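Structure, as structure tokens:
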Amino acid sequence: MARTGGAGAGGVSAFIVERATPGLSVGKSDRKMGQRGAHTADVIFENCRVPAENLIGEREGQGFKTAMKVLDKGRLTIAAACVGSATRMLGDTLRYTRERKQFGQPIGEFQLVAALLADSQAELYAARSMVQDAARRRDAGEDVSLHASCCKLFASEMCGRIADRCVQAHGGAGYISDYAIERFYRDVRLFRIFEGTSQIQQVIIGRGLARSGELIQG
Ligand SMILES: Cc1cc2nc3c(=O)[nH]c(=O)nc-3n(C[C@H](O)[C@H](O)[C@H](O)COP(=O)(O)OP(=O)(O)OC[C@H]3O[C@@H](n4cnc5c(N)ncnc54)[C@H](O)[C@@H]3O)c2cc1C
């Protein structure tokens, strides 16, 4: 993305820049809290000249719009990934709490452990239902910007809460990397940050409600 015109979103254009272009370099791989299988790095542009034919969308000033166009789908996709990760974490934890015994009984039979699972199951079901509803609406051609932000906000926060409860239900084992939950706990933290942080989703939803004066219908 580069500013080719004046101030504001209308002055931004999007380009394809080939990796071998003089002036383009890639920084060293980030050392991350999680998602270590997905390599990321800074892409650095220094006096990097890009031919005009590399402009995406043929017209200047469309770059910001182009980026925004993919957001609804991206946010729904992240929300679905949150539902998938939470399903795996809760499934592993259900199995663990049925197998692990303390004081002569499976730990899942202690009411306080069962409550961790119950809250997680209820929230997971809610997030799954939201994502399916919004995805169906998008497939039917509806404008789902606010639905997508609601899904991203709720599903990513839900996923974080479930990761935390699942580590708790594993006890000390949850902190040891022999169990997948230790990795998931780190991996899912990014869901609340990328594709628009939770605060940015709150801003979008709040602004949308203020503008339209109408609630989103389910
Ligand atoms: C490994 C990795 C991969 C990533 N991949 C992607 C990706 O593929 N796609 C993608 O979209 N993003 C991705 N991101 C996220 C992106 O790079 C930014 O980190 C993210 O958009 C937040 O911006 P920032 O880090 O500059 O934080 P800042 O903008 O500095 O925000 C810091 C804090 O301030 C809050 N804040 C900022 N502005 C406002 C505001 N207007 N109102 C209220 N609160 C505000 C934020 O919510 C946050 O809590 C990735 C991040 C990482 C670490």
Side-chain angles (χ1 to χ4, degrees), residues 1 9 12 14 16 29-43 56-57 62-93 119-167 174 180-209 211-212 215-218:
M1 318 290 283
V12 176
I16 289 177
S29 255
D30 296 323
R31 293 177 63 219
K32 302 196 289 284
M33 175 193 290
Q35 305 222 358
R36 294 184 183 155
H39 298 278
T40 55
D42 285 336
V43 179
I56 298 173
Q62 297 293 305
F64 191 75
K65 261 194 191 163
T66 304
M68 293 301 111
K69 260 195 280 183
V70 300
L71 286 182
D72 290 351
K73 189 174 176 192
R75 287 173 180 162
L76 283 178
T77 305
I78 298 293
C82 292
V83 168
S85 303
T87 303
R88 164 73 193 273
M89 292 189 286
L90 194 54
D92 281 9
T93 304
D119 286 351
S120 299
Q121 173 64 84
E123 289 188 40
L124 175 57
Y125 175 53
R128 181 187 289 274
S129 303
M130 282 174 81
V131 173
Q132 285 178 339
D133 174 68
R136 277 194 201 102
R137 289 173 186 276
R138 186 176 183 279
D139 284 349
E142 284 183 44
D143 174 1
V144 294
S145 283
L146 289 196
H147 296 79
S149 283
C150 288
C151 288
K152 164 68 171 56
L153 174 62
F154 184 80
S156 61
E157 295 286 336
M158 169 282 302
C159 194
R161 286 191 293 272
I162 288 186
D164 190 68
R165 290 186 198 121
C166 289
V167 169
I181 191 61
E182 182 273 336
R183 176 177 61 78
F184 270 98
Y185 182 78
R186 291 181 287 103
D187 284 351
V188 303
R189 188 60 184 84
L190 191 56
F191 288 143
R192 290 159 60 193
I193 295 171
F194 66 13
E195 212 72 30
T197 62
S198 290
Q199 289 71 36
I200 293 301
Q201 308 308 329
Q202 288 173 313
V203 167
I204 293 168
I205 298 163
R207 202 183 282 156
L209 291 176
R211 262 191 209 139
S212 71
L215 295 178
I216 298 174
Q217 297 301 328

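Bear in mind that the values here come from a model prediction, so they are computed numbers and not experimental data.
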How would you list, by chain and number, every residue that makes a salt bridge (Lys or Arg N to Asp or Glu O under 4.0 Å) with [X], sequence neighbours excluded?
| X | result |
| --- | --- |
| Arg207 | none |
| Asp30 | none |
| Arg136 | none |
| Glu195 | none |

**OP:** Sequence neighbours left out, what pairs pass side-chain hydrogen bond (donor to acceptor under 3.5 Å, both in side chains) with at least one residue falling in residues 150-160?
**Re:** Glu157-Arg192, Glu157-Ser198
**OP:** Determine which pairs satisfy side-chain hydrogen bond (donor to acceptor under 3.5 Å, both in side chains) with at least one residue from residues 75-90, sequence neighbours left out, and list them in order.
**Re:** Thr87-Arg128, Arg88-Asp92
Subject >> Which atom of Ala67 lies closest to which atom of Met1, heavy atoms considered >> reply: CB-CE, 4.0 Å
Original post:
More than 12 foreign heavy atoms under 6.0 Å from CZ of Phe194: is that the case here?
Top reply: yes
Subject >> CE (Met33) with more than 12 external heavy atoms under 6.0 Å >> reply: no
Original post:
What residues form a side chain to side chain donor-acceptor pair (under 3.5 Å) with Asp42, not counting sequence neighbours?
Top reply: none
**OP:** Mind checking side chain to side chain donor-acceptor pair (under 3.5 Å) for Glu142 and listing every partner two or more places apart, or none if nothing turns up?
**Re:** Arg137
Quick one: list whatever passes side-chain contact (heavy atoms from CB on, under 4.5 Å) with [X], sequence neighbours left out.
| X | value |
| --- | --- |
| Ala127 | Val83, Phe154, Ala155, Met158 |
| Ala135 | none |
| Gln62 | Arg59, Lys65, Thr66 |
| Thr93 | Thr97, Leu117, Cys166, Ala169, His170 |

